[in-house]
Amino acid sequence: MIKKVHVKTGDTVTVLSGKERGKKGKVLAVSPKEGKVIIEGINMVTKHVKPRRMGEAGGIVKAEGAMYACKVQIVCPRCGKPTRVGHKVSEDGTKERICKKCGESL
């Protein structure tokens, strides 16, 4: 069963809860199966990386960790506020996402 996620790769989102609350970032990856997203510069975690080839350096690397999609909300490009996503079907049958606050297309 495929679960739907309200955000797409490339959306600008704001974090609603947790230690990163209030921060904005761009969505780098979406995992609908887990219901998680990875956001640029948010939820940074440290990884211990082993050198894979001769001469390659190992060590501790900072990377973005995944967080649940329900903890983020899309920021509307027109009004600049975090908003819920609505859907509108036009006459020609195309479906588009709209801002619930101002009605602008996302």
Side-chain angles (χ1 to χ4, degrees):
M1 184 173 94
I2 296 176
K3 299 170 189 160
K4 281 187 77 173
V5 181
H6 66 284
V7 292
K8 291 183 179 179
T9 304
D11 286 341
T12 303
V13 295
T14 185
V15 180
L16 298 176
S17 64
K19 65 179 183 184
E20 306 281 347
R21 182 180 176 182
K23 292 185 181 177
K24 290 183 183 179
K26 189 176 172 185
V27 176
L28 298 175
V30 179
S31 176
K33 193 173 182 179
E34 297 174 314
K36 291 186 177 186
V37 292
I38 296 175
I39 306 163
E40 187 176 38
I42 308 271
N43 195 23
M44 298 299 283
V45 294
T46 55
K47 287 184 175 181
H48 296 267
V49 179
K50 260 181 133 173
R52 295 286 170 205
R53 297 185 195 96
M54 284 294 280
E56 189 178 295
I60 299 171
V61 178
K62 284 200 169 272
E64 289 94 354
M67 65 186 319
Y68 284 107
C70 62
K71 291 181 178 250
V72 299
Q73 203 166 35
I74 292 181
V75 176
C76 176
R78 181 173 162 208
C79 59
K81 296 177 182 173
T83 181
R84 286 176 292 134
V85 178
H87 292 87
K88 187 170 99 176
V89 180
S90 59
E91 292 87 34
D92 61 338
T94 57
K95 192 173 171 184
E96 64 177 350
R97 302 186 305 160
I98 60 165
C99 171
K100 281 283 197 174
K101 291 192 176 174
C102 67
E104 182 69 20
S105 176
L106 297 171

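Quick caveat, the model's predicted, so the values are computed rather than measured. In this chain, numbering begins with 1 at the start of the sequence shown.
By the side chain to side chain donor-acceptor pair (under 3.5 Å) test, S31 is found to be paired with E34, residues two or more places apart in sequence or in another chain being considered.
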| said: Working note: I39 + V13, criterion side-chain contact (heavy atoms from CB on, under 4.5 Å); need CA distance, chi angles, decisive distance, verdict. | reply: CA-CA 8 Å; I39 306 163; V13 295; 3.8 Å; yes
| task | Determine, stepwise, if the pair K33 / K3 fulfils side-chain contact (heavy atoms from CB on, under 4.5 Å). | result | CA-CA 6 Å; K33 193 173 182 179; K3 299 170 189 160; over 6 Å; no
| message | Between V72 and V37, does the side-chain contact (heavy atoms from CB on, under 4.5 Å) criterion hold? Intermediate values first, please. | response | CA-CA 9 Å; V72 299; V37 292; 4.3 Å; yes
| field | From CA spacing to verdict: side-chain contact (heavy atoms from CB on, under 4.5 Å), V15, I42 | value | CA-CA 9 Å; V15 180; I42 308 271; 3.9 Å; yes
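V45 approaches E64 most closely through the heavy-atom pair CG2-C, 4.5 Å. Taking all atoms of both residues into account, the shortest heavy-atom contact from P32 to V5 is CA-CG2, 3.6 Å. For the residue pair V30 and K8, the shortest heavy atom distance occurs at CG2-C, 4.0 Å. Here the closest non-hydrogen pair linking L106 and P77 is CD2-CD, 3.6 Å. Pairing each heavy atom of A29 with each of T9, the nearest pair is CA-OG1, 4.3 Å.
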For residues 96-104, dump all side-chain donor-acceptor pairs below 3.5 Å to protein atoms at least two apart in sequence or in another chain.
{"from": "E96", "atom 1": "OE1", "to": "S105", "atom 2": "OG", "distance (Å)": "3.2"}
{"from": "R97", "atom 1": "NH1", "to": "H6", "atom 2": "O", "distance (Å)": "3.4"}
{"from": "R97", "atom 1": "NH1", "to": "D11", "atom 2": "OD2", "distance (Å)": "3.2"}
{"from": "R97", "atom 1": "NH2", "to": "D11", "atom 2": "OD1", "distance (Å)": "3.0"}
{"from": "R97", "atom 1": "NH2", "to": "D11", "atom 2": "OD2", "distance (Å)": "3.2"}
{"from": "K101", "atom 1": "NZ", "to": "P82", "atom 2": "O", "distance (Å)": "3.1"}
{"from": "E104", "atom 1": "OE1", "to": "R78", "atom 2": "NH1", "distance (Å)": "3.4"}

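No more than 12 heavy atoms of other residues, nucleotides or ligands lie within 6.0 Å of NZ in K71, so this atom counts as exposed by the packing criterion.
The distance from the NZ atom of K50 to the CZ atom of R52 is 7.0 Å, given to the nearest 0.5 Å. For the atom pair NZ of K81 and CD of Q73, the computed distance is 12.5 Å after rounding to the nearest 0.5 Å.
Annotation: side chain of K23 is not in contact with side chain of T14 (no heavy-atom distance under 4.5 Å). In this structure, V49 and I60 have side chains that are not in contact, with every pair of non-hydrogen atoms separated by 4.5 Å or more.
Hydrophobic clustering places M67 together with V7 (ILVMFWY residues linked when any side-chain heavy atoms are closer than 4.5 Å, directly or through intermediates).
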